[in-house]
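To start, the structure under review is shown below, and the notes come after it.
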Protein chains: 2
Amino acid sequence: MDKDKIDKKDHILDVAEKIFSDLGFDGASTRMISGEAGVNMAMLNYYFGSKEGLFLAVFERKISSFQTLLQNIGNDESMSSWDKLAKCIDNYVERIIVNNCFQKLINRELSMSKRSELSDKITQILMVNVLEIKKILDDGIKNGTFFKDTDTPLAIATIFGTKNYIINTPNISSLMLGHDVRDEKYLEEQLKPRVKTYMKRLIKAYLVNDNDNTK
Amino acid sequence: MDKDKIDKKDHILDVAEKIFSDLGFDGASTRMISGEAGVNMAMLNYYFGSKEGLFLAVFERKISSFQTLLQNIGNDESMSSWDKLAKCIDNYVERIIVNNCFQKLINRELSMSKRSELSDKITQILMVNVLEIKKILDDGIKNGTFFKDTDTPLAIATIFGTKNYIINTPNISSLMLGHDVRDEKYLEEQLKPRVKTYMKRLIKAYLVNDNDNTK
DNA sequence: TGCACTCAATCAATCGTTTGATTAATTTTG
DNA sequence: CAAAATTAATCAAACGATTGATTGAGTGCA
């Protein structure tokens, strides 16, 4: 039946996403993916044409779900600049667990030196998030809520970069934290609230500081 | 002569570093490296044991000088905790931006979770640097210089993560900053001092804050 | 029968590594 | 000192394994 075919393709994409995320494009083999997915190896080429076609299919599926997710970021006029930013941070940290293996894929692709159509597409989509936060920061500086000499681009790099570091280098962050950051229970119950608290305190100390912050 | 042998090994390491950085560990082949370096393929195994051994040799050469630098800072009794940390940040920013293509490689390999042998060794080497900074932070907390409720592991994640984000996602950070972060002149003359200033101000605001920082 | 799907078997290419022979350099020995 | 013995360095060739991809025979359903 048609639905079964779609389910099977989707299942292959699920497995491929995981394996590509763990091992990279070169490190992942088509045999491994087909074996893990429980399908014949020839199915990958039959469905997706090639290994690269499979990789692109994984990406496009994720990106389309990303785009709809981004649409419900609204601008609440009743909130202060800081409350908006705090809510952004909370929401952002909240989402790191759901897509964390895909996040690794995205960052690895973006770090490749060659400029591809794919990385341009990813950049464009991620910039929506970035610009959302940038707008909040700029507004807050304009209305005097935030430190006027704030380095906005670097502050954004800190928010995204800190999270990326924890997720993308799990070996190191696990050693630092004393727990396996890949353990979902620990992630949900301990690390998530901890990162939220830390990130807001860090950013607030930098942005909303009324003593001498110039040296 | 002995010096020639060292020069040849060094030349191989130079070439290997470039190719590994461009293509990743899996993407780079031993044939490509030996061909580019103008040596017989067997020499790689003769000198470095294996492809992985070659990679680790490249890696250790890169990081060893930074490691001793960090240790010298940490062991300097004449500096305050904050001055030590500030110097670490300065040196770190100074260093990574020069070697940014290799840094990207390291992060790519680390983000692949399953390759046990290689990533474990990289982790082990990088942890020396992490622990050096952790020691400075812990000392500063103990002697009252730093905020007592500092989340040390996450603060470290911020230092490393912010820098990683800037250089690993050059497309995005270039758009944010309004300049191409891959332009070496801009990197050297503008971005580097800017990141140093920002990073120290950010960390200081978080660590050395005497007003209410608990909410 | 016709069509979409599935499979084991196999393809050529490339991978990292090993081998055995050869040359260059060094040390030991008479 | 010179010949001999030993070690180190280098090379072309080939190793077995694995890679992504293809084949052609078969499957079951419409």
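Because the structure is predicted, anything quoted here is derived from the model rather than measured.
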Heavy-atom distance under 4.5 Å between the side chains of B:Leu154 and A:Ile166, does that happen here? yes
Could you state the atom-to-atom distance from [atom1] of [X] to [atom2] of [N] in whole Å?
X: A:Leu44; N: D:dT19; atom1: CG; atom2: C1'; answer: 13 Å
X: B:His11; N: D:dA9; atom1: NE2; atom2: C1'; answer: 17 Å
X: A:Ile33; N: D:dG20; atom1: CD1; atom2: C1'; answer: 11 Å
X: A:Tyr47; N: D:dA21; atom1: OH; atom2: P; answer: 17 Å
X: A:Phe55; N: D:dG20; atom1: CZ; atom2: C1'; answer: 16 Å
X: B:Met43; N: C:dT17; atom1: CE; atom2: C1'; answer: 15 Å
X: A:Ile19; N: D:dG20; atom1: CD1; atom2: C1'; answer: 15 Å

Review item, nucleotides 25-30 of chain D N/O atoms under 3.5 Å of protein N/O:
none

Would you say A:Asn171 and A:Arg182 are linked by a side-chain donor-acceptor pair, where the criterion is simply a distance under 3.5 Å? yes
Crowded around B:Gln67 CD? As in, over 12 foreign heavy atoms under 6.0 Å? yes
Between the base of D:dA9 and the side chain of B:Asn40, is one N or O donor paired with an acceptor at under 3.5 angstrom? no
With a 3.5 Å distance limit and no angle check, can you tell me whether B:Asp76 reaches the backbone of B:Asn72 through a side-chain donor-acceptor pair? no
State whether the side chain of B:Lys51 and the backbone N or O of B:Ala28 hold a donor-acceptor pair below 3.5 Å, judged by distance alone. yes
Short N/O separations, protein against nucleotides 12-16 of chain C, under 3.5 angstrom:
residue	atom	partner	partner atom	Å
C:dG16	OP1	B:Ala28	O	3.2
C:dG16	OP1	B:Lys51	NZ	2.5
C:dG16	OP2	B:Thr30	N	2.9
C:dG16	OP2	B:Thr30	OG1	3.1
C:dG16	N7	B:Arg31	NH1	2.8
C:dG16	O6	B:Arg31	NH2	2.7

Salt bridge B:Lys87-B:Asp83, side-chain N to carboxylate O under 4.0 Å: no
Test side-chain contact (heavy atoms from CB on, under 4.5 Å), reference B:Ile122, set B:Asp120, B:Leu126, B:Ile125, output is B:Leu126
Partner residues of A:Ser34 under the side-chain contact (heavy atoms from CB on, under 4.5 Å) criterion, sequence neighbours left out: A:Val39, A:Met41, A:Leu44
Can you see whether B:Tyr165 has A:Lys163 sitting over its ring - NZ or CZ less than 6.0 Å from the centre and within 45° of the normal? no
Using the side-chain heavy atoms of A:Ala42, tell me which of these nucleotides is nearest: D:dA12, D:dT10, C:dC7. C:dC7
Nearest to the A:Tyr46 side chain among C:dA4, D:dC11, C:dA8, which nucleotide is it? C:dA4
